[in-house]
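Here is the structure we will look at.
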Amino acid sequence: MKYKKLGQIYTPKWIIQEILDEVDFRGEKILNQKIIDPACGDGAFLIEIVDIVIGEAKNRKLGLEDIRNILENNIYGIEIDRDEYRKCKTNLNNIVRTKLGIDKIDWKIFNDDTLTKYREFLNFFDYVVGNPPYIRIHNIDREIRDLIKNEFEFSKGVLDIYLSFFELGLQILNRQGKLGYITPNSFLRNSSAKRFRRFLKDRKIVRTLIDFKSNKIFRNISTYTAITILDLNHRKNSFEYKEFIDGKIKKVDEIQFQDLEDSSWSFSSPENRDFLINLYQNRNYKISDFFNVQYGFATLRDKIFIGNITDSKDKLVLFNNYWIEKSILKKIVKGSTYKGDRADIKYILFPYIRPDNRFTPIQEEELASKFPFAYNYLLQHKEELLKRDRDKNSNWYEFGRSQGIQACNNEKIILGTLMKEEINFYFLEKDIYLYSGICITQRTTNIGFDTLSDILKSDEFKRYIAIQGKDFSGGYKSITTNLIKNFPIASIYLKNSRFQPMLDFL
Ligand SMILES: C[S@@+](CC[C@H](N)C(=O)[O-])C[C@H]1O[C@@H](n2cnc3c(N)ncnc32)[C@H](O)[C@@H]1O
């Protein structure tokens with residue numbers, strides 16, 4: 001399978017049946033309608049389609065020649081890869097041989113590039129269905145990339161080739177046509193798919209959207225997917241939003257087109273929406289009014305910068321099998337895995353000083369003269385350190401991303417960026433630093449860490465993250481610094497704290 005270059009992934013049968021049901025590909029009418037899979041692979045969709053058409057034709061007692069006529073004139077497929085194209089024809093021939101005893105059918109399956117071939121079929125089909133290729137733009141050849149940029153509107157500032165397949169799919173549909181694809185769900189939220197979302201909203205052509213969220217549909221492939229059903233004759237102001245819950249596709253909400261935001265489409269149940277509305281009501285303060293919330297820094301070579309002390313001698317310590325000056329080391333924990341166990345505290349070679357309350361990198365000459373052992377250790381790894389894609393204007397011996405270092409010399413609450421049932425967070429003293437994970441420090445003394453801790457433990461906060469956080473496999477939700485910063489603080493927390501006098505005053 002040519003996964004990277006051609007986006008070859010095979011669709012499970014139940015997904016194909018779901019899509020065909022959703023576009024209403026059934027009943028006598030389909031015997032006079034045209035359908036295409038514009039990225040047909042070895043024919044997974046077409047096999048189901050042929051099966052349904054034969055069943056329908058037999059129900060109507062059509063003769064063999066009529067059935068052959070329908071199969072040859074109504075069912076289309078395009079596939080760029082010659083091997084897949086051949087397999088597709090063989091697979092289709094096998095079904096008609098078994099089901100009808102016919103040997104040779106002149107299939108309308110083309111071994112061609114859909115990105116150009118589609119032009120021959122404008123306004124032609126009643127149904128366009130399939131699992132178009134998902135290929136990140138940087139994996140696409142330059143020539144095709146240029147074609148996509150010039151030819152397709154939705155793909156300006158392109159995200160992925162599947163958006164072009166949406167666009168060409170809509171162009172080959174006739175005015176009553178319906179389209180059903182399974183694709184990555186990234187178009188729901190990614191800013192590069194904004195034009196596409198705006199188009200769908202303005203034209204009101206979405207009939208159903210099934211977001212699989214963190215449920216993986218394709219074996220061995222981590223793409224998060226959605227089924228999108230578009231109907232050029234939808235004529236409604238709303239569409240059905242469904243999710244995959246407890247192994248079944250269930251309707252979660254009816255979404256009004258007018259309620260869709262341009263920036264991102266995230267849907268949740270009416271109960272969750274009400275919860276969020278209530279949460280924001282009458283709350284004038286948010287966490288970021290009282291706390292700095294930021295990601296820990298990233299060295300981009302943890303193996304070199306972070307390690308354990310295994311021996312010591314005067315002012316030197318044995319760090320990752322090298323003797324270096326102890327005073328250049330700081331205690332550190334990894335926010336994404338720390339569970340409060342002090343044994344997990346390690347050391348980091350920290351080439352920064354803090355002359356006036358701001359960390360700045362130690363100059364190279366100073367590093368060499370004041371910390372000759374540590375400098376020598378870094379020199380031994382210079383080649384490796386230079387390979388990092390580090391912050392602009394940073395020295396080769398600095399951390400790759402040092403943005404998070406300013407806040408680290410304070411008392412802090414730290415937490416990882418994923419949550420399941422519980423949000424785990426830990427209090428750390430000033431001299432223990434953090435990498436990878438989120439670090440919260442106080443901006444004012446109006447609200448203390450005890451109150452923040454109550455907020456982070458509250459059911460409200462957990463539900464807020466569960467609704468707003470991005471889904472990850474295994475039922476995890478991502479916690480971002482922005483989500484924490486924007487969490488509105490209820491007045492009970494303000495009353496509990498030293499913030500009270502100011503509220504009274506107001
Ligand atoms: C995600 S696979 C789907 C295969 C099959 N429809 C299925 O659902 O199992 C996408 C298919 O599109 C084909 N493909 C990729 N780029 C194409 C293009 N520009 N024109 C036609 N087919 C293309 C790939 O070779 C691959 O077989």
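Just so you know, these numbers use all the heavy atoms, side chains as well, and skip hydrogens, waters and symmetry mates. Whatever order the structure lists ligands and atoms in, that order sets their numbers, starting from 1.
Residues E422 and K462 are paired through a salt bridge, judged by an N-O separation under 4.0 Å between the basic side chain and the carboxylate. Between K108 and E120, no side-chain nitrogen of the basic residue sits less than 4.0 Å from a carboxylate oxygen of the acidic one, so the salt-bridge criterion is not met. Using a 4.0 Å cut-off between charged side-chain N and carboxylate O, K29 and D24 make a salt bridge. Checked for salt-bridge contact, E398 and R390 miss the test: no charged N lies under 4.0 Å from a carboxylate O. Classification of R119 and E151 as a salt-bridged pair holds, one side-chain N sitting under 4.0 Å from a carboxylate O.
At least one heavy atom of C40 lies less than 4.0 angstrom from ligand 1. Heavy atoms of I161 stay at 4.0 angstrom or farther from ligand 1. Using 4.0 Å as the threshold, G43 has no heavy atom nearer than that to any atom of ligand 1.
Taking all heavy atoms of I16, I47, T114 into account, the minimum distance to atom 20 (N) of ligand 1 is reached by T114.
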TODO: Any chance you could lay out the salt bridge (charged side-chain N to carboxylate O under 4.0 Å, His left out) test for K87 and E79, step after step, and finish with the verdict?
DONE: CA-CA 11 Å; K87 274 192 232 159; E79 170 56 50; over 6 Å; no
TODO: Start with the C-alpha distance between S269 and E271, add both sets of side-chain angles, then the distance that settles side-chain hydrogen bond (donor to acceptor under 3.5 Å, both in side chains), and finish with yes or no.
DONE: CA-CA 5 Å; S269 64; E271 299 79 45; 3.2 Å; yes
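Residue D113 approaches ligand 1 through these ligand atoms, each under 4.0 Å from one of its heavy atoms: 18 (C), 19 (N), 20 (N). Near P132, meaning under 4.0 Å from any of its heavy atoms, are these atoms of ligand 1: 1 (C). Of all the atoms in ligand 1, the ones that sit under 4.0 Å from a non-hydrogen atom of D37 are 6 (N). Heavy-atom contacts of N131 reach the following atoms of ligand 1: 1 (C), 2 (S), 3 (C), 8 (O), 10 (C) (cutoff under 4.0 Å). The D112 neighbourhood of ligand 1 comprises atoms 20 (N), 21 (C), with distances under 4.0 Å to a heavy atom of that residue. Every atom of ligand 1 is numbered from 1 in the order shown, and the set under 4.0 Å from a heavy atom of F45 is 8 (O). Per-residue contacts place A44 under 4.0 angstrom from the following atoms of ligand 1 (heavy atoms of the residue considered): 7 (C), 9 (O).
Geometrically, K286 does not engage F487 in a cation-pi contact defined by less than 6.0 Å to the ring centre and at most 45° from the axis.
At least one N or O atom of A39 sits closer than 3.5 Å to an N or O atom of ligand 1. Where the criterion is an N or O separation shorter than 3.5 Å, residue side chain and backbone included, D81 fails it with respect to ligand 1. For ligand 1, the polar-atom distance check finds no N/O of Y10 at less than 3.5 Å from any of the ligand's N/O atoms. Residue-to-ligand polar distances place E79 within reach of ligand 1: an N/O pair is separated by less than 3.5 Å.
Note on ring orientation: taking the six-membered ring where Trp is involved, the planes of F121 and F110 are tilted (angle from 30° to 60°).
Of all the heavy atoms of Y134, none lies under 4.0 Å from any atom of ligand 1, so neither backbone nor side chain is involved.
Shown here are the side-chain hydrogen bond (donor to acceptor under 3.5 Å, both in side chains) partners of E56, two or more places apart in sequence or in another chain: R60.
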